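Order of the sequence lines fixes the chain letters, A, B, ..., with proteins taken first and strands second; residue numbering starts at 1 for each chain. All figures in this text were calculated on a predicted structure; none of them were measured in a lab.
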Protein chains: 2
Amino acid sequence: MHDRDHPERRPDFDRLAALFKAVADPYRLRILATLAAAEDDVCVCEFTDALPINQPTVSHHLRILREAELVTWERRGTWVYYRPAPDASARIGAALRAIFTQPAHASTAPR
Amino acid sequence: MHDRDHPERRPDFDRLAALFKAVADPYRLRILATLAAAEDDVCVCEFTDALPINQPTVSHHLRILREAELVTWERRGTWVYYRPAPDASARIGAALRAIFTQPAHASTAPR
DNA sequence: GCTTAATATTGATAAATGTCGATGCATGAC
DNA sequence: GTCATGCATCGACATTTATCAATATTAAGC
């Protein structure tokens, strides 16, 4: 379930925080919700149309979601289509559990 | 399960983002993990001891967790003790599901 | 090749955030 | 009352982040 036994007992708080940071923005949540609800992948143009922010800003938010590996993308012609990473929701759920289910005294860490 | 039927179909992305923002910091995650793992409530002094940040900064992070209603606190003498809000984990889990489980086309919203 | 359209990137700016030192506010001991 | 201690708040500063306009890139059509 983990790699081998569970050698990483203490959550990597920086990584977890980075993941939460990626979803800590209303536009990025709207994008993710759109992707999650969509039958297939979604054109960037849908976001530039639907959201009250300019195209570069949409691109910026998509980049953050890409770098957090919460979405994947694919170019088809001039258009680029996004879809949620298959494990997006699961990874955030795992982060949640890593924080809230006791790894014993994993809490106040070494330094 | 919801109020009556489900009159709020579209997720309130601002509220959800605010919740994720509250946990989008490594020190706040460490604090939450400590609280979640603790038998009973935890003195602020434990955080000022354990974390490599000054007392006002600890207070700042605790305030953000308070304002997100992810923790509750109680004064006992000179000391203040924190514990996780009973629904802290559940609220974040609900936020996750609100984003990733289709409210149909709740996605690219009105404006 | 040239042109147009969709998206990404760059650079600048403003706002939000994390951090700290100084100060204030309670509480308990005296 | 005074003093000391634990924590919160305030104000300043530095870093990060969101946003935009301008530009670059990529692909398709000509």
For residues [X] and [Y], report the shortest heavy-atom separation together with the two atoms involved.
| X | Y | result |
| --- | --- | --- |
| B/P52 | B/Y27 | CG-OH, 3.6 Å |
| A/E69 | A/R91 | O-NH1, 3.1 Å |
| A/T48 | A/C45 | OG1-O, 2.9 Å |

For C/dT9, does OP1 or OP2 lie under 4.0 Å from any side-chain N or O of A/R63? yes
Heavy atoms under 4.0 Å, any strand shown: does B/Y81 hit a base, just sugar-phosphate, or nothing? nothing
Looking at A/R28 and A/A22, would you say the former's side chain and the latter's main chain have a donor-acceptor pair under 3.5 Å? yes
Donor-acceptor under 3.5 Å (A/R75 side chain, A/G77 main chain): yes
Over how many whole Å does the gap from B/L62 atom CG to D/dG6 atom P extend? 16 Å
Does B/Q55 make a side-chain donor-acceptor contact with the base of D/dA8, cut-off 3.5 Å?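 It does, because a donor-acceptor pair links the side chain of B/Q55 to the base of D/dA8 below 3.5 Å.
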Do A/L29 and B/F20 come within less than 4.5 Å of each other through their side chains, counting heavy atoms only?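 The answer is yes, as the side chains (C-beta and beyond) meet within the 4.5 Å cut-off.
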Enumerate the residues from residues 66-79 of chain B whose closest heavy atom to DNA chain C is under 4.0 Å, giving them by residue number; use none for an empty result.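 Within residues 66-79 of chain B, the residues near DNA chain C are B/R75, B/G77.
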Between the protein and nucleotides 12-19 of chain C, list the N/O to N/O atom pairs that are separated by less than 3.5 angstrom.
{"residue": "C/dG18", "atom": "OP1", "partner": "B/R28", "partner atom": "NH1", "Å": "3.3"}
{"residue": "C/dG18", "atom": "OP1", "partner": "B/R28", "partner atom": "NH2", "Å": "3.2"}
{"residue": "C/dG18", "atom": "OP2", "partner": "B/H60", "partner atom": "NE2", "Å": "3.4"}
{"residue": "C/dT19", "atom": "OP2", "partner": "B/H61", "partner atom": "NE2", "Å": "2.6"}

Find the distance between OH (A/Y82) and OG1 (A/T72) and round it off to the nearest 0.5 Å.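 If I round to the nearest 0.5 Å, the distance is 9.5 Å.
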In Å and rounded to the nearest 0.5 Å, what is the CG to CG distance from B/L35 to B/L62?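 These two atoms lie 8.0 Å from each other.
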